[in-house]
Amino acid sequence: VQLQASGGGLVQAGGSMRLSCTASGSIFRLNAMGWYRQAPGKQRGLVASITSSLTTNYVDSVKGRFTVSRDNSKKTVYLQMNNLNPEDTAVYYCNAEIGRLMATGYSQSEYWGQGTQVTVSS
C-alpha cells in the first residue's frame with residue numbers, strides 16, 4: 001500500500017493551493033484519511049481529517065480557510081487551502097487508515113505519504 005501526495009509548491013500570502021493524495025495497492029477498506037503538517041523546528045500535527053462517512057475535523061488555525069474532501073472511487077483525499085499565510089508553511093503529509101484482507105484475516109494499519117512542501121511567501 002502506498003500514499004502518493006502531490007500539489008505542493010510556492011504561493012503568495014492570500015493565495016490558494018490544493019493538495020491531493022491517492023492510495024494504491026491491496027486495499028480492502030479505506031477508512032479515515034487526513035492531512036498533517038510539520039513546520040521547521042515543530043512537531044507534526046493534524047491539519048484536517050475526514051472519515052469514511054465524511055465527518056470532518058480541522059485544527060482551529062485552518063477552520064474557515066481549508067477544506068478536506070475525498071473521492072472514494074479514486075481512493076483520493078484532497079486539501080483545498082485558501083487565504084494562505086506564511087504560518088501555513090510546512091511539509092504536508094497525508095495519512096490514511098487502511099484495512100487489508102490478510103491470510104490471517106482483516107488487518108488495519110496507518111499509512112503515511114511522502115510529504116509535500118508548501119511554502120507561503122509574505
Side-chain angles (χ1 to χ4, degrees):
V1 173
Q2 288 188 330
L3 296 179
Q4 182 68 44
S6 61
L10 174 65
V11 65
Q12 288 188 332
S16 298
M17 183 178 289
R18 189 174 85 153
L19 305 181
S20 301
C21 177
T22 300
S24 62
S26 178
I27 298 171
F28 177 74
R29 183 174 298 152
L30 197 54
N31 296 315
M33 305 182 78
W35 293 92
Y36 289 68
R37 67 186 179 186
Q38 186 169 20
K42 296 187 177 180
Q43 290 188 332
R44 187 179 302 187
L46 176 69
V47 177
S49 65
I50 182 168
T51 67
S52 57
S53 57
L54 305 183
T55 299
T56 58
N57 181 46
Y58 298 91
V59 66
D60 285 347
S61 61
V62 307
K63 286 180 180 178
R65 300 189 298 123
F66 290 12
T67 302
V68 63
S69 61
R70 62 192 284 169
D71 184 335
N72 290 327
S73 68
K74 296 181 179 179
K75 298 185 177 64
T76 298
V77 61
Y78 305 97
L79 185 67
Q80 177 66 43
M81 304 182 291
N82 298 328
N83 194 21
L84 285 158
N85 59 61
E87 289 70 39
D88 296 316
T89 295
V91 177
Y92 284 69
Y93 298 89
C94 61
N95 172 277
E97 295 176 355
I98 295 175
R100 303 176 65 192
L101 286 180
M102 314 293 285
T104 52
Y106 178 80
S107 175
Q108 180 166 302
S109 299
E110 185 177 39
Y111 293 86
W112 292 91
Q114 82 281 14
T116 184
Q117 177 70 46
V118 173
T119 302
V120 184
S121 63
S122 57

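Residue indices begin at 1 and follow the sequence shown.
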Can you see which heavy atom on [X] is nearest to which on [Y], and at what distance?
X	Y	value
Leu3	Cys21	CB-SG, 3.8 Å
Leu46	Ser49	CD1-CB, 4.2 Å
Ala23	Ile98	CB-CD1, 4.3 Å
Gln38	Gln43	CG-C, 4.1 Å
Leu30	Ser52	O-CB, 3.9 Å

message = Applying salt bridge (charged side-chain N to carboxylate O under 4.0 Å, His left out) as the test, list every pair that has at least one member in residues 81-105; sequence neighbours left out.
response =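 Every pair satisfying salt bridge (charged side-chain N to carboxylate O under 4.0 Å, His left out) with a residue in residues 81-105: Arg37-Asp88, Arg65-Asp88.
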inquiry  = Suppose the criterion is salt bridge (charged side-chain N to carboxylate O under 4.0 Å, His left out): which pairs have a residue in residues 8-18, not counting sequence neighbours?
reply    =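 For residues 8-18, and leaving out neighbouring residues, there are no salt bridge (charged side-chain N to carboxylate O under 4.0 Å, His left out) pairs at all.
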[atom1]-[atom2] distance between [X] and [Y], expressed to the nearest 0.5 angstrom:
X	Y	atom1	atom2	answer
Tyr92	Met81	OH	CE	5.5 Å
Ser20	Leu79	OG	CG	9.5 Å
Tyr106	Leu101	OH	CG	8.0 Å
Thr51	Asn57	OG1	CG	10.0 Å
Cys94	Tyr78	SG	OH	12.5 Å
Phe28	Asn31	CZ	CG	10.0 Å

request  = Any pair with a residue in residues 46-71 that passes ring-ring contact (aromatic ring centres under 6.0 Å, His included), sequence neighbours left out, goes on the list, sorted by first then second residue, please.
outcome  = none
Residues that Tyr93 engages under ring-ring contact (aromatic ring centres under 6.0 Å, His included), provided they are two or more places apart =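 ring-ring contact (aromatic ring centres under 6.0 Å, His included) list for Tyr93, sorted by chain: empty.
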Give the table of side-chain donor-acceptor pairs shorter than 3.5 Å for residues 115-122, with sequence neighbours excluded, one pair per line with atom names and distance.
| unit_1 | atom_1 | unit_2 | atom_2 | d |
| --- | --- | --- | --- | --- |
| Thr116 | OG1 | Gly8 | N | 3.3 |
| Gln117 | NE2 | Ala90 | O | 3.4 |
| Gln117 | NE2 | Thr119 | OG1 | 3.3 |

Tell me whether [X] shares a hydrophobic cluster with [Y], the cluster being built from Ile, Leu, Val, Met, Phe, Trp, Tyr side chains joined at under 4.5 Å.
X	Y	result
Val62	Val91	no
Val59	Met33	yes
Leu10	Leu19	no
Leu84	Val47	yes
Tyr36	Met17	no

inquiry  = Tell me every residue that passes side-chain contact (heavy atoms from CB on, under 4.5 Å) with Ser24, counting only those two or more places apart in sequence or in another chain.
reply    =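 Applying side-chain contact (heavy atoms from CB on, under 4.5 Å) to Ser24 gives Gln2.
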key: Verdict with supporting geometry, Arg44 and Trp112, side-chain contact (heavy atoms from CB on, under 4.5 Å)   = CA-CA 12 Å; Arg44 187 179 302 187; Trp112 292 91; 3.3 Å; yes
More than 12 heavy atoms from other groups under 6.0 Å of CD on Glu110 =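 Yes, because the 6.0 Å sphere around CD of Glu110 holds more than 12 heavy atoms from other groups.
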